[in-house]
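Keep in mind that the numbers below use all heavy atoms, side chains included, and drop hydrogens, waters and symmetry copies. Computed from a predicted model, the values in this text were never measured in an experiment.
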Amino acid sequence: MRTIEARKKCRKEIISILKNAGLKEGIGLSDKEIDEAKETLFWHGVVRNPKARNKTNYVAYYFPTSQYSIVADNSDFLKEVIVAIDVFSKKSFDSKDNLDLLELLENSFIDNGYEVEFADEIFESETSLFHYPLTLYKLFS
């Protein structure tokens, strides 16, 4: 499987998993809809909307460049896709709501065949947001 095919397949899965976990895709929302949304919003990291910083929580995902292939018969048999998930919040991740959100995300990804790696919480002084990075790994065929 080629890299672009694996990433397209993975992107569809990530969007579906986040929606099934009760998050709302924010890419096509107007500023008013973003303001009024009660759900945690998510979108691809490159189109992150500055209005999201007004939300209590939001999630962005993107695909770092590194991945590897397992080759059989001179073609890529399996392609590992790595997904970076960034959870942002106005509250520390020690809060019950944020721990519940992280647990929901972890369970949702694991239930769909992803390995989940957690990094430590970061406070971003320029945005006044807490940032919790996760990295997902999955093989696609």
Side-chain angles (χ1 to χ4, degrees), residues 1-31 33-141:
M1 172 174 279
R2 296 188 181 269
T3 299
I4 195 67
E5 294 165 350
R7 284 187 176 200
K8 283 170 43 177
K9 189 173 181 180
C10 182
R11 186 172 191 268
K12 277 180 81 170
E13 279 189 15
I14 294 296
I15 290 169
S16 177
I17 291 166
L18 291 171
K19 285 181 177 179
N20 289 337
L23 283 71
K24 184 172 187 171
E25 190 169 14
I27 290 175
L29 300 180
S30 68
D31 286 348
E33 290 170 317
I34 288 172
D35 287 339
E36 293 174 352
K38 302 291 183 222
E39 307 91 342
T40 298
L41 299 177
F42 75 91
W43 44 73
H44 189 271
V46 298
V47 292
R48 199 161 79 182
N49 187 313
K51 293 283 286 181
R53 292 185 179 150
N54 298 328
K55 305 303 285 180
T56 300
N57 295 321
Y58 69 94
V59 174
Y61 68 91
Y62 66 96
F63 300 92
T65 59
S66 60
Q67 54 237 341
Y68 75 90
S69 300
I70 296 174
V71 179
D73 295 328
N74 293 325
S75 66
D76 291 344
F77 175 66
L78 294 173
K79 179 70 75 176
E80 180 181 58
V81 177
I82 300 169
V83 184
I85 302 286
D86 294 314
V87 183
F88 296 93
S89 181
K90 290 182 179 181
K91 299 186 290 185
S92 167
F93 286 92
D94 291 333
S95 71
K96 180 180 178 351
D97 290 345
N98 282 343
L99 288 173
D100 289 348
L101 175 60
L102 291 174
E103 183 177 18
L104 171 68
L105 292 173
E106 179 182 27
N107 289 338
S108 297
F109 291 125
I110 288 172
D111 290 349
N112 284 278
Y114 288 84
E115 287 184 47
V116 180
E117 180 180 286
F118 286 88
D120 202 6
E121 173 181 351
I122 303 161
F123 180 75
E124 297 181 354
S125 56
E126 65 277 359
T127 62
S128 297
L129 293 172
F130 292 90
H131 173 195
Y132 207 100
L134 292 83
T135 306
L136 310 178
Y137 305 89
K138 186 172 180 179
L139 290 171
F140 287 87
S141 60

Phe88 and His131 aromatic ring geometry - parallel, tilted or perpendicular at 30°/60° bounds: parallel
Neighbour count >12 (heavy atoms, 6.0 Å) for atom [atom1], [X]:
X      : atom1 : value
Lys8   : NZ    : no
Glu115 : CD    : no
Asp120 : CG    : no

Side-chain donor or acceptor of [X] paired with backbone N/O of [Y] under 3.5 Å:
X      : Y      : value
Asp86  : Pro133 : no
Lys55  : Ala37  : yes
Asn98  : Asp94  : no
Ser16  : Lys12  : no
Ser141 : Leu78  : no

With heavy-atom distances below 4.5 Å as the criterion, would you say the side chains of [X] and [Y] are in contact?
X      : Y      : value
Val81  : Leu139 : no
Leu23  : Val59  : yes
Lys91  : Asp97  : yes
Phe42  : Ile15  : yes
Ile85  : Thr135 : no
Leu102 : Leu134 : yes

Tyr132: ring pair (Phe, Tyr, Trp, His ring centres under 6.0 Å) partners, not counting sequence neighbours: Phe93, Phe118
Distance flag, aromatic centroids of Tyr62 and His44, threshold under 6.0 Å: no
Check: Thr40/Lys24 side-chain N/O donor and acceptor closer than 3.5 Å: no
Closest non-hydrogen atom pair between Cys10 and Tyr114, with its separation: SG-OH, 3.5 Å
Residues Lys138, Glu13: salt bridge by 4.0 Å N-O rule: yes
